[in-house]
Trainee: 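Here you go, one structure.
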2 protein chains.
Amino acid sequence: MRKNVIPGSFQLMKKINTGLVFDAIRLYAPISRAEIAKLLNLTPATVTNITAELLKRNIIMESDFGKSNGGRRPVLLKINPNSYYIISVYIGPTKVRVATINMESEIMCSKQESLYSNISFEKAKEIIVTLIREVIDSCIVEKNKILGIGVAIHGIVNFEKGIVVFSPNFGWKNIGLRDVLEKEFDIPVFIDRDVRAMAMAENWYGEGREFDDFICIKVGYGIGAAFIKDKQQIRGVSDGLGEFGHIKIKVDDLKCICGNYGCLENYASERAVIRFARENGYEDEFDIEKINLEALNGNKVIVEALKKAGYYLGLGVANLINIFNPGLIIVGGDLVDINIYFESLIESARENSLEDLFEHVKIKRAKTGKDSIIKGAGLLVLDSLFDSIEGEVIV
Amino acid sequence: MRKNVIPGSFQLMKKINTGLVFDAIRLYAPISRAEIAKLLNLTPATVTNITAELLKRNIIMESDFGKSNGGRRPVLLKINPNSYYIISVYIGPTKVRVATINMESEIMCSKQESLYSNISFEKAKEIIVTLIREVIDSCIVEKNKILGIGVAIHGIVNFEKGIVVFSPNFGWKNIGLRDVLEKEFDIPVFIDRDVRAMAMAENWYGEGREFDDFICIKVGYGIGAAFIKDKQQIRGVSDGLGEFGHIKIKVDDLKCICGNYGCLENYASERAVIRFARENGYEDEFDIEKINLEALNGNKVIVEALKKAGYYLGLGVANLINIFNPGLIIVGGDLVDINIYFESLIESARENSLEDLFEHVKIKRAKTGKDSIIKGAGLLVLDSLFDSIEGEVIV
DNA sequence: ATACTTAGTTTATTAATTAAATAAACATTG
DNA sequence: CAATGTTTATTTAATTAATAAACTAAGTAT
């Protein structure tokens, strides 16, 4: 039996158009009603109605007059940045960061705390809950202005069920994090994996702004991917989509932490760069900053290691291009910021993909920087703003 | 700027619901109005309205009474098989087949003709046009009952533009096949690649019937893939999605016809099986039937070649599983019908994918058999039945 | 000063779903 | 077996939200 059956209804119509208008303002503010109507193929009257409602709810505001185009001056609309707030949580492998962000994804205040390997969920929960309370208090946000809590976490997450399926660093398995936080704070909670949060940040504030569909890749200790289609996340049948680091690019080669052999992660991640360098006799301690420094200094072993890893990621990217014919691939992570790695990856992607397909794809570095994941976590909440079933919206 | 902006409107509402009702009848006929309403979350009144229109247009018909469930007996609806017809064309590497199919994708009559390598488009066009005329004549179809022409062709096709981008066997490049046929017959023409047609057949009449989303793989001389999401084809930014045969699974290994190295096609296609067998000293002439026979007879060289090729396809399939977390993968083609190959592929897919993801995927052989592509070509037309912009439908 | 443009709102209309009432046809039960 | 309740389907009226068209507002161009 089919699952995704959403019949046409007035609610749906309204939801679609309200969402489109909101998105148009998010993307192109300041923008006039007339422009929105043209952009979305809606009649001016419909735009007036919808914007009136958004204005009444304080979600948007009239900001200024635009320049006349030979007639009455347009009234420019924009998001009302501080009408509502979102609590963003990023649970990384070594620390947790909590922030209050506003409707324009600006960070109002932010606190963080260290985490350690194999920390129990109980302990971590206490830390997280405390940070959330602190952040709420320090921003003096009225509690009824908080739309919800968005959580990004490394590892495997089931968005629909709100469960942390597996968090390698902490050893957590099947933790019902959403329910815990919803019970604690009594507001809606959304949980997703880090790379998906990053993709959402790029979707609305980064390279993906002008695109409906793109692929986002995050290279770190491991490698993950997110797929955006029609500005929405695709999550796969069991919310497991995006284990891009575990595609096989070599047969029966190195064993991976996942138990299999020849996974891309072994050849293209930070782990891989370190291994390549070690194999060629580099003996110093190093982290990602050291690598970058050495690369800039022209250390041959490091340069070669970066080139090699970049080559392999390019191979993986080429596979995505050949399979999926995407228009945009966004790559993020510390390694990607190193030119040698990025250039090698581009060259390899070009070399290993079909020419006709490579011609149509743009490969870009993530634009949203250090805060992308925490901002993206918040966008999980914002994206649900017009999703409620009964036509009743959260706010 | 966003591209796929379809605002909510009455037209859209109607189109969605009419499409859903039609699809429900296609999939679950004979089915009553009440069941449709329950299935689709529509009110009985809406279903009455929509079915009344479909009845008036002769697209569906009332077939029989169902058993009472304690009240009035339901009236069962089904597709009116012979209300309209579709001309289906499959242009394979060595032959072209043309058929008339009815609304239930039954083949009413079918003719075929050989083609040869490097045949000019002019010659081929003449053959195809003649076959279409013959098929129309021999079925005594009133011309105004023909919905359109659906064409499936091997190689690279641009569905939107209706262009054959590249047909390796014939050496065709950028042929405007749709325009040629539309000018000739003055009815709508739709063109797509063979694997996508196959996917459509599986979508409505094969393993994909109960699924919204799946991946379809066709193994032949080469290897292609199609992606179905929400029962619709995904085609990629330049209609080039699905070059699954050209993902790299070995680094710097065998050169492929595409110019690159280490493509999956080199290790998992019919070509690969033949090469593996040759490498191990098998010298007879052989085609796919011979291979199957030898496999059944336990010829070790052939068996090993099949196992090896199956292993590699499984590796590619595992990559798809890891990347996309699909719920269903359908594999078709002559090789797949050979048990040794298929079993090896399943085992390899299991071995090379993440356990959590493999658990959620079903890997099935294509169910629609020899006629799948020609039927699928017709479904390209049927799927556009309610697509017209003005709310005016083709019929 | 007049005519024309563009922006945005208001009013009336329209399309299509939805709710509610009704009818048809059957099953169940005391 | 008559009365009652169910299920199926249609009809009617209500409702929703988009749309068309008229209109107001506020500008530019000549």
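All values reported here derive from a predicted model rather than from experimental measurement. Here is the naming used below: chain letters follow the sequence lines, and residue numbers restart at 1 for every chain.
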Trainee: Taking atom types as modelled, find out whether A/N325 and B/S238 have a side-chain donor-acceptor pair closer than 3.5 angstrom.
Mentor: yes
Trainee: What is the distance from atom CZ of A/F211 to atom CD1 of A/I228, rounded to the nearest 0.5 Å?
Mentor: 13.5 Å
Trainee: Find the distance B/N41:CG to C/dA19:P and express it as a whole number of Å.
Mentor: 12 Å
Trainee: Can you check whether B/K15's main-chain N or O pairs, donor with acceptor, with B/T18's side chain at less than 3.5 Å?
Mentor: no
Trainee: Taking CG from B/N49 and P from C/dA19, how many angstroms apart are they, rounded to a whole number?
Mentor: 14 Å
Trainee: First and last nucleotide of DNA chain D touching chain B, 5' to 3', heavy-atom cut-off 4.0 Å?
Mentor: D/dG5 to D/dT19
Trainee: Expressed in angstrom and rounded to an integer, what is the separation of A/E53 atom CD from C/dT9 atom C1'?
Mentor: 16 Å
Trainee: Can you pull out how bent the helix from C/dA1-D/dT30 to C/dG30-D/dC1 is, comparing the axes over its first five and last five pairs, to 10°?
Mentor: 10°
Trainee: Does B/E62 or A/M13 map to a spot on DNA chain D nearer the 5' end, using the closest nucleotide for each?
Mentor: B/E62
Trainee: With rounding to the nearest 0.5 Å, note down the distance linking CG in B/L147 to CG in B/L382.
Mentor: 7.0 Å
Trainee: Can you list every ring-ring contact (aromatic ring centres under 6.0 Å, His included) pair that touches residues 29-52 of chain B, not counting sequence neighbours?
Mentor: none
Trainee: How would you list, by chain and number, every residue that makes a side chain to side chain contact (heavy atoms under 4.5 Å, CB included) with A/A152, sequence neighbours excluded?
Mentor: A/Y90, A/A197, A/I373, A/A377
Trainee: Starting from the 5' end of DNA chain D, give me the residue, A/T46 or B/G70, whose nearest nucleotide shows up first.
Mentor: B/G70
Trainee: Is there a donor-acceptor contact under 3.5 Å from the side chain of A/K78 to the main chain of A/R26?
Mentor: no
Trainee: Heavy atoms under 4.0 Å, any strand shown: does B/S68 hit a base, just sugar-phosphate, or nothing?
Mentor: sugar-phosphate
Trainee: Once you round it to whole Å, what is the distance between P of C/dA15 and NZ of B/K15?
Mentor: 19 Å
Trainee: Let me confirm one number: the CG-NZ distance from A/D371 to A/K375, rounded to the nearest 0.5 Å.
Mentor: 5.5 Å
Trainee: Just the rounded figure in Å: distance from P of C/dA7 to NZ of A/K67.
Mentor: 13 Å
Trainee: Could you walk me through whether A/F324 and A/F214 satisfy the ring-ring contact (aromatic ring centres under 6.0 Å, His included) test, starting with their C-alpha distance in whole Å, then the side-chain angles of each, then the deciding distance to 0.1 Å, before giving a yes or no?
Mentor: CA-CA 10 Å; A/F324 225 65; A/F214 63 89; over 10 Å; no
Trainee: Step by step, would you call B/T51 with B/I60 a side chain to side chain contact (heavy atoms under 4.5 Å, CB included)?
Mentor: CA-CA 8 Å; B/T51 53; B/I60 62 169; 4.1 Å; yes
Trainee: Please, which pairs that meet side-chain hydrogen bond (donor to acceptor under 3.5 Å, both in side chains) have at least one residue in residues 62-71 of chain A, sequence neighbours excluded?
Mentor: A/R33-A/E62
Trainee: Check the distance between C/dG8's C1' and A/F65's CZ and give it to me in whole angstrom.
Mentor: 11 Å
Trainee: Nearest 0.5 Å please: distance from the CG atom of B/L77 over to the CD1 atom of B/I59.
Mentor: 13.0 Å
Trainee: Looking at every strand, decide which applies to B/S9 at a 4.0 Å heavy-atom threshold: base, sugar-phosphate, or nothing.
Mentor: sugar-phosphate
Trainee: Give the residues of residues 71-81 of chain A touching DNA chain D, defined as any heavy atom closer than 4.0 Å, sorted by residue number.
Mentor: A/G71, A/R72, A/R73
Trainee: For A/G8 and A/T51, take the nucleotide of DNA chain C holding the closest heavy atom to each; which residue's nucleotide lies nearer the 5' end?
Mentor: A/T51
Trainee: What does A/A45 touch in the nucleic acid at a heavy-atom separation under 4.0 angstrom: a base, only the sugar-phosphate, or nothing?
Mentor: base
